[in-house]
Amino acid sequence: QVQFVESGGGLVQAGGSLRLSCVVSGSTFSINTLAWYRQAPGKQRESVARITNFGAANYADSVKGRFAISRDNAKNTVYLQMNSLKFEDTAVYYCNNLFGTGNWGQGTQVTVSS
């Protein structure tokens, strides 16, 4: 089974930056499209960024121009660089496959203070 272990969250002031990491195990990492998701309190989980095995990235409109997704296939790791953070970016962040059908990890909490 595929497992996802997220890290890198924390408390940051609005306008600040964080870099999230997700280590993927249990699958042929290099052939999968991977995505970062987030879930804010009282809201549904949403996809914020995805990246193909070739490195092509796609973003939700709410984070476009501020977030950057990348991957290191040699390390089985996908990253999310988050800049110009806003209060509304506060959420638990998760990684998963393109369809969100893998086993969800614990996520990593990102809290942005206004």
Enumerate donor-acceptor pairs with a distance under 3.5 Å from any side-chain N or O in residues 39-46 to protein atoms, sequence neighbours excluded.
residue, atom, partner, partner atom, Å
Gln39, NE2, Lys43, O, 3.2
Glu46, OE2, Arg38, NE, 2.8
Glu46, OE2, Arg38, NH2, 3.3

Do NZ/NE/NH1/NH2 and the carboxylate oxygens of Lys86 and Asp89 come within less than 4.0 Å? no

Qualifying disulfide bond (SG atoms under 2.5 Å apart) pairs, either residue in residues 39-74, two or more places apart: none

Looking at residues at least two apart in the chain, or sitting in another chain, which of them share a ring-ring contact (aromatic ring centres under 6.0 Å, His included) with Tyr94? Trp104

If we ignore hydrogens and angles and just use 3.5 Å, is the side chain of Thr77 paired with the main-chain N or O of Lys75 as donor and acceptor? yes

Residues 4-24 side chain polar contacts: donor-acceptor under 3.5 Å, at least two apart:
residue, atom, partner, partner atom, Å
Glu6, OE1, Gly107, N, 2.9
Glu6, OE2, Cys95, N, 3.0
Ser17, OG, Asn83, OD1, 3.0

Separation between CG of Asn32 and CG of Asn97, rounded to the nearest 0.5 Å: 7.0 Å

Say you draw a straight line from CG of Asn53 to CG of Asn73; how long is it, rounded to the nearest 0.5 Å? 7.5 Å

Can you tell me how far CG of Leu80 sits from CD1 of Ile51, rounded to the nearest 0.5 angstrom? 10.0 Å

Check the pair Thr90 / Gln109 against side chain to side chain contact (heavy atoms under 4.5 Å, CB included), numbers first and verdict last. CA-CA 8 Å; Thr90 296; Gln109 175 70 50; 4.1 Å; yes

Rounded to the nearest 0.5 Å, the CG atom of Asn96 sits from the OG1 atom of Thr101 at a distance of 6.5 Å

With sequence neighbours excluded, what pairs up with Asn58 under the side chain to side chain contact (heavy atoms under 4.5 Å, CB included) test? Arg50

Rounded distance (nearest 0.5 Å) linking atom OH of Tyr93 with atom OH of Tyr37: 14.5 Å

Working to the nearest 0.5 angstrom, can you tell me the gap between Thr33 OG1 and Phe54 CZ? 9.0 Å

Residues two or more places apart in sequence or in another chain: which of them pass side chain to side chain contact (heavy atoms under 4.5 Å, CB included) with Ser114? Phe87

